[in-house]
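Worksheet: one structure, shown below.
Protein chains get the first letters and strands the later ones, always in sequence-line order, with residue 1 at the start of each.
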Amino acid sequence: MMLLRIAFRNLWLHKVKTLIVGAMLFFGTLLVVLGGAAVSALEESMAKSVVNAVSGHVQIQAADAQDEITLFDFDNSSKDFGHIKDFPKVKAALEALPSVKTVVPMGVNFAVVFTGNVLDKKLTELREALRDGKTERSVALKDHIRRIVADLEKDLKNLRDIANMDKVMLEMKTNFEALAEARKDAFWEKLDREPESAIEFLENKVAPIAIGEDLIGLQYLGTDTARYQQTFDRFEIVKGTMIPAGQRGFVFNNRAYEDWVKNKTARRLDKIKERLDNGETIAECEDCQTWTKQNQKQAALLVYQMDKEHEAAVRSALVKLLGDDQKTTTELLQSLLDVNDSNFGERHAFFYDAVAPHIDLYTIKIGDTLVLTAYGKSGFMRKVPVKVYGTFNFKSLEKSFLAGAYSVMDLMTFRDLYGFMTDERKKENETLKAKVQVKDVSRDKAEDELFGADAGAGVESAASATFDETAGVDMHAAGEKYTDEMLARKYSQQEIDDGVVINAAVMLKDGVDIETARQEIEATGQAQNLGIKAVHWQKSAGLVGNLVRVISIVLVVAIFIIFVVALVIINNSLVMATLERTREIGTMRAIGAGRGTVMWMFMVESLTLAALFGTAGALTGATTVLVAGQVGVPAWSDFAYFLFAGPRLFPTLHAVHVIVAFVVIGLVGLLSTLYPALLATRIAPVVAMQKDD
Amino acid sequence: MTAPSPAAPPIVDLVDVYKIYQLGNTEVPAVQGVSIRINRGEFATIAGPSGSGKTTLLNLIGCVDTATRGDVIVAGQNTGRLKEKDLTRLRLFKIGFIFQSFNLVSVLTAYQNVEFPLLLQKSVGKAERDRRVREVLEAVGLGTHGKHRPNELSGGQRQRVAVARALVTKPEIVLADEPTANLDSVTGSQIIDLMKELNHRDGTTFIFSTHDAKVMEAADRIVRLKDGRVQDASAGHAGGAVAHA
């Protein structure tokens, strides 16, 4: 058609303008197609990882709960997710639904673990060595402890010199007295005679002065561990083993384990290595420099951990490496840890070869029993020991602190920590309490009776030690003792299911629409009076679920801005063109072209532009998505890794995105032309008659 | 040449036409009480000095402007009573325009420029269109220049394209506003000769404005304007035109 020809000719004549506007339209369409594909891919991958790590497709919780379940959020401590009344019944009812594959009971809570400082640990070891009559070991330990005490005194004096204030002095006075006492030979002679009172003195008066005590916060997920492992395929054991089926136990989230349990110096070296592996350099990585400085500053803490023999071994290796035998071990370690881009590889390897074996690389080791402290539902602090079996990752979520924050434990331990009591149980306790001294007749208790409280190594509930100070009246936990046998007991499925369950993850069968299934579950709950409500995973994922939404909003805003700018520019340039072409348009009008023809002439021009560059953009976008779908987009950072749910994102092309791109670009073309086209139609034919000059 | 039959109605009939432009608060009269009749087949010129109202008069006849007062009857239609759409149709089907500065669409070739009004008419088939465009281009002597763009043609050639464009729709009147003003005198008289030839051949009415005495000589009839009024509407060499006033 003639108009099309005119449009092409005009576009060709104003090449620069056409290219600028075209480029914007091109990138706009490209962005719509790429962005659309990326957002869907992210949604899919996010769903894959969150659903298959923790949430399942649908989360269920008590219908009357105060707060809706949020699995990933900054602060869950103040929320009350209620509890499911009769889990076995719920499980049976839901698993009978054709769309449901499995229902896994759960509960989330937060606990802290106190890890003593080096002195605490060495004193415990000494006590054990003395008890077991290991003379050689106890002599070495005594020597090590004396050195720690000497170092402590030195540190304290330094501190006093720096902070020369009366008030500080007053506070430190008792510390100095205690240290002075512990420095006397007479004290150590006394320790040989009456070890217990001397060790207690050290524990109570001296150990608190030493730094390095840690308080580790752990978010955990209590669940039917066997079922959990079967159901959630993102879960994989990294170190150690999974908690044996039906038993009590704890597996650390590997990320939490590395971050909080690993020796800080070693962890910082790991982090520097990670950055370097990512292609950064120490010279340009500010964090790496900070970590290096911290490592040097805290070199003495490493030496604290070593007894004479270990220190000697480390020292000789260091002297060999650094060729300086005048310095102290601490100074040598400081030199070692002064890493830069040229020596990092060697130093890192050396640290793990020659230093790490002589220190506690992890303050809690696989196989240790750790004491978790949590505030239960009853409001009392509870302490429960649990054996650490290993560490795990959520595949692809491992790099996200937020998503990787959960550690996993069995439901029994969870319930003990959660301390929730049913009304029946409460009443029972009241009666028991009234009868006085009648022992708690819970299963656990019965076991204690059976095996005897001291039968095992006596993993004594710390509750027994601290309970009086903190709680005092909680009958259930008071006086309860956890024995080795109990910690290793295998619970039946009924025992696991029949108890407090806060929420549960429902895994659906393949291809089932989540929202439909969710409604079905809720309906079933109402019909059978189960007292539950069902929450879509995206909602229950809290922050993580919102992330994709936020990203898509950002994308939409970006696209919107691009197109608004394109609109304004196209509009402007067409208004200019209208003015430039006044004579031509007037002539056409005079010759007999109607307003409609003039209007169309402009529309065709814009639409041609939009169609040409829009098609190019959409094609480029589609090709890119197809290629990316084959090759995968590599994750460039931890955050991207988390978003991508793996090392690579594989976007898929959806026709919808291409269609949307065309609709949007068509609209932009039309809208931007409307005003200039209207202007053009108002040009009177008489202007054709205007003279040149 | 077809002699005008006295019984036939005039192709253009202006009756006491006024055109007054409003410039701020002052009224500027461009045409004051003009009454002219132009018969079919005439080769008429509107002459007069700059500002005498020549172009305004042509604009009124060409239906690109409307009179403030008085009747402008073109091809039997009183243009003052027509809607804009109908005026556009009137221009498209009955009137051909030739402009002082040629006014070709710069992005189109000579052929496409000539074809343009036929495309606007929508009623002419492709083959017929092609035949007419070729024929008219041949007639103006540009049979081999169809593929040239305006900027590849000389001024005279461009005006020939414009003439072809004006004639391709077989209009009843061709209006030309100072068609030779932008051309040298030789080329100018060639264009006038061409117009005259086509006037003779097809009987198309030509009305053109000019202030060039040599060009005026070619006209059958000269309408002299001064200050927006007709001074003398006497017949040219051929005679036969009537002025009411």
Quiz item: Heavy-atom distance under 4.5 Å to chain A: side chain of B/R89, backbone, both or neither?
Solution: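 Nothing of B/R89, per the 4.5 Å heavy-atom cut-off to chain A.
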Quiz item: Checking heavy atoms, do the side chain of B/T169, its backbone, both or neither come under 4.5 Å from chain A?
Solution: neither
Practice problem: Check whether any side-chain heavy atom of B/V28 sits under 4.5 Å from a side-chain heavy atom of B/I20, and report yes or no. | Solution: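 B/V28 vs B/I20: side chains apart.
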Quiz prompt | A/I683 side chain near A/R581 side chain, heavy-atom distance below 4.5 Å | solution = no
Self-check item: B/R129 CZ: over 12 foreign heavy atoms closer than 6.0 Å
Solution: yes
Quiz item: So does A/F560 have more than 12 non-hydrogen atoms from other groups sitting under 6.0 Å from CZ?
Solution: no
Self-check item: Cationic tip of B/R158 above B/F102 ring, under 6.0 Å, 45° of axis
Solution: no
Quiz prompt | Pairs of heavy atoms under 4.5 Å with chain A: top-ranked of B/I95, B/L87, B/V105 | solution = B/V105
Quiz item: chain A: which of B/E115, B/E84, B/K85 shares the most heavy-atom pairs with it under 4.5 Å?
Solution: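 Of B/E115, B/E84, B/K85, B/E84 has the most heavy-atom pairs under 4.5 Å with chain A.
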Quiz item: Which region of A/A684, side chain (C-beta onward) or backbone (N, CA, C, O), has a non-hydrogen atom less than 4.5 Å from a non-hydrogen atom of chain B, or is it both or neither?
Solution: neither
Quiz item: Any idea which of A/G596, A/G594, A/A593 has the most non-hydrogen atom pairs under 4.5 angstrom with chain B?
Solution: A/A593
